[in-house]
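Treat the numbers as computed from the prediction; the structure is a model and nothing was measured. Quick note: numbers below take in every heavy atom, side chains included, and nothing from hydrogens, waters or symmetry partners. In what follows, chains are A, B, ... by sequence order, proteins preceding strands, each numbered from 1.
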2 protein chains.
Amino acid sequence: MSRIPRYQVIYEDLSSQIASGALAPEAQLPSEADLAERYGVSRMTVRQAVRQLQDEHLLVRRRGAGTFVTRPSAQRRRLNRLGSFADEMGAEEHRVRTELRARETTAVPEEAREPLGLAAGRETIRIERLRLIDDRPAALQISWLPYALVPLLARVDLAGGSLYRTIRDHYGLRLSWADMEVSASAATAGQADVLGVRRGAPLIASVRITHDPSSTAVEYARSWTRPEFPLSIRLEA
Amino acid sequence: MSRIPRYQVIYEDLSSQIASGALAPEAQLPSEADLAERYGVSRMTVRQAVRQLQDEHLLVRRRGAGTFVTRPSAQRRRLNRLGSFADEMGAEEHRVRTELRARETTAVPEEAREPLGLAAGRETIRIERLRLIDDRPAALQISWLPYALVPLLARVDLAGGSLYRTIRDHYGLRLSWADMEVSASAATAGQADVLGVRRGAPLIASVRITHDPSSTAVEYARSWTRPEFPLSIRLEA
DNA sequence: TAGTGGTCTAGACCACGAG
DNA sequence: TCGTGGTCTAGACCACTAT
């Protein structure tokens, strides 16, 4: 008795056919009715698999015409995905190192109260990290996580600096989406010292609130990044 | 005979109930079976409406528990989609005005040559605009477009400052995607003067290369934005 | 006109969460 | 245990595209 949904099986089959090239870019898929017959399911089930692939921009449906594999240019790796710092910085090309500067239990700071949905005085885990790229200081990050969601995180080993992997492996928390605000600020004396820039030098300043699949806020994070390490975003129409 | 799908009607009804507060944040919706009965449709139709709202993070479904209204998160300059400046800034809430500071034909600058795929000395249209939000200077933007793609753009009326609409209406160019890099910089004397900040003040600095559906680069643009107008990005896992 | 995807029905059984 | 959302069926008619 398989516990895997049928549409998921179909999704993975079509997905791997696209990845392997068996279904080439621009190629037309069999009609939904055909696919339903081949997989021995109803058309609605096929549609659920196809919709998932459409959401990932691997397939395009054209009413009256058919379903087609998208051109590879549109399949390019999304730079706008929620990922670890190493992912974002392109860890393939550069050596990313993390220096843990502080990890402690503190009352939730004012600025994080509302985003995290915590009452004043509630405890959080505060984690301050310096990110280095090719041994050069690149970004200072401070995260606050509700203590109730990640108890004892202050004592857990942070796997290679990846907070996301740690809370997934230790607490089963999956991170699903984040709202991020990006601005600019002048380096304070403390930031300047840590990041190796002059006081008042411009930094990329950002605030991020990360949520789990049920939209519970899991992390409030601020970061300051040297301008030589810009953020890359791909925007689609 | 209505040509609007029923799930769309349900979607809009629920959507406006959420917007008006009739369905408050954290509130539980009636069950899918209930909604189906109320709207006089089958459950699958209700699910289609709810899925759409879930995709937009307005609702959260929890298996075994119910469907709930999401807590709202601040809406700022949304950057997930390629759109006009007014779109990004949320033109409903704020008055966005554009001051055209320069429009001329010039040789392609060095920095834009490779992104636009132009040989040295080729001509471009250069457009410099100041964006004001509620009459306060917010961003300085300079765009270069290959002359060959938009001949005589220097003389065409720029509809309310929307370059995108103008080149679509006059040249049939549709913009499909853009790569953007966001960083920070210190205001030069000229930028400081135009934007009303002190020289050396931090600004959000970005570079964007916009493409048409066939991936031809249509625009190379730099902009400097005051930090009170941060960019907002939603990241998905 | 033939074939495609878009919408929709009226059921069904199952997995999960809360009390 | 009971109510919820998750999955799935076997049909149907419609809107649209290509020929």
Side-chain angles (χ1 to χ4, degrees), chain A residues 1-15 17-18 23 26-70 74 148-149 171-174 176 212-216, chain B residues 1-15 17-18 23 26-70 213:
Chain A
M1 196 99 92
S2 171
R3 34 185 60 223
I4 300 168
R6 296 204 202 192
Y7 75 84
Q8 197 68 28
V9 173
I10 298 170
Y11 163 83
E12 271 154 25
D13 186 43
L14 293 174
S15 187
Q17 284 188 51
I18 294 168
L23 278 170
E26 310 279 5
Q28 179 169 8
L29 265 71
S31 73
E32 295 179 349
D34 277 359
L35 289 172
E37 195 178 359
R38 291 193 200 189
Y39 288 109
V41 300
S42 77
R43 194 180 145 213
M44 289 297 269
T45 303
V46 165
R47 280 178 65 77
Q48 194 161 352
V50 172
R51 180 176 50 245
Q52 207 169 319
L53 291 160
Q54 186 185 26
D55 288 345
E56 297 174 12
H57 295 108
L58 290 171
L59 294 180
V60 181
R61 292 202 261 211
R62 297 198 205 111
R63 159 144 49 177
T67 302
F68 303 85
V69 180
T70 49
L149 289 180
Y171 303 97
L173 281 175
R174 286 173 305 135
S176 172
D212 78 356
S214 71
S215 289
T216 300
Chain B
M1 195 94 93
S2 171
R3 36 183 58 225
I4 300 169
R6 296 204 202 194
Y7 74 85
Q8 196 67 26
V9 174
I10 298 169
Y11 163 83
E12 271 155 24
D13 186 44
L14 292 174
S15 188
Q17 284 189 53
I18 293 169
L23 277 170
E26 310 281 357
Q28 179 169 9
L29 265 71
S31 74
E32 295 178 349
D34 277 0
L35 288 173
E37 196 177 358
R38 291 191 198 191
Y39 287 110
V41 300
S42 76
R43 194 179 147 216
M44 288 297 267
T45 303
V46 166
R47 282 179 64 76
Q48 194 160 354
V50 172
R51 180 176 49 244
Q52 209 169 321
L53 290 160
Q54 185 185 28
D55 288 345
E56 297 173 14
H57 294 110
L58 291 170
L59 294 180
V60 181
R61 292 201 261 209
R62 298 198 202 112
R63 176 180 341 211
T67 302
F68 303 84
V69 180
T70 311

What residues 28-48 of chain A contributes to the DNA chain C interface at heavy-atom separation below 4.0 Å is A:Ser31, A:Glu32, A:Arg43, A:Met44, A:Arg47

What N/O pairs connect the protein and nucleotides 15-19 of chain C at under 3.5 Å? Give each pair on its own line.
unit_1, atom_1, unit_2, atom_2, d
C:dA15, O4', B:Arg63, NH1, 3.3

A:Glu37 meets the side chain to side chain donor-acceptor pair (under 3.5 Å) criterion, sequence neighbours left out, with none

Bend of the helix from C:dT1-D:dA18 to C:dA18-D:dT1 from end-axis comparison, five pairs per end, nearest 10°, comes to 20°

Between CG of A:Leu59 and C1' of C:dG5 the distance, given in whole Å, is 13 Å

Atom CZ of A:Arg6 and atom P of C:dC13 are separated, to the nearest Å, by 15 Å

Contacts of A:Tyr7 meeting side chain to side chain contact (heavy atoms under 4.5 Å, CB included) (sequence neighbours excluded), chain-then-number -> A:Pro5, A:Thr45, A:Gln48, A:Ala49, A:Gln52

In this structure, CG of A:Leu29 is separated from CD of A:Gln17 (nearest 0.5 Å) by 8.0 Å

In whole angstroms, the gap separating C1' of D:dA15 from CD of B:Gln8 amounts to 16 Å

Those residues at least two apart in sequence (or on a different chain) that pass side chain to side chain donor-acceptor pair (under 3.5 Å) with A:Gln28 are none

Stepwise side-chain contact (heavy atoms from CB on, under 4.5 Å) test for A:Thr216 and A:Leu149: CA-CA 10 Å; A:Thr216 300; A:Leu149 289 180; 4.3 Å; yes

Is the distance from OP1 or OP2 of C:dG6 to the nearest side-chain N or O of A:Arg61 less than 4.0 Å? yes

- Task: Would you tell me if any nitrogen or oxygen in the side chain of A:Thr67 comes within less than 4.0 Å of OP1 or OP2 on C:dG5?
- Result: yes

By salt bridge (charged side-chain N to carboxylate O under 4.0 Å, His left out), B:Glu56 pairs with (sequence neighbours left out) none

From the list A:Val46, A:Thr67, A:Ile10, side-chain contact (heavy atoms from CB on, under 4.5 Å) partner of A:Leu35 resolves to A:Val46

Closer than 4.0 Å, any side-chain N/O of B:Tyr7 to the OP1 or OP2 of C:dT7? yes

Sorted by chain and residue number, the side chain to side chain contact (heavy atoms under 4.5 Å, CB included) partners of B:Ala65 (sequence neighbours excluded) come out as B:Arg62, B:Phe68

Residue set satisfying side chain to side chain donor-acceptor pair (under 3.5 Å) with A:Arg47, at least two apart, ordered chain then number -> A:Glu32

Minimum side-chain heavy-atom gap A:Ile18-A:Leu59 below 4.5 Å:
yes

Whole-Å distance, B:Gln52 CD to C:dG6 C1', equals 13 Å

Across all chains, not counting sequence neighbours, the side chain to side chain donor-acceptor pair (under 3.5 Å) partners of A:Gln54 are A:Arg61

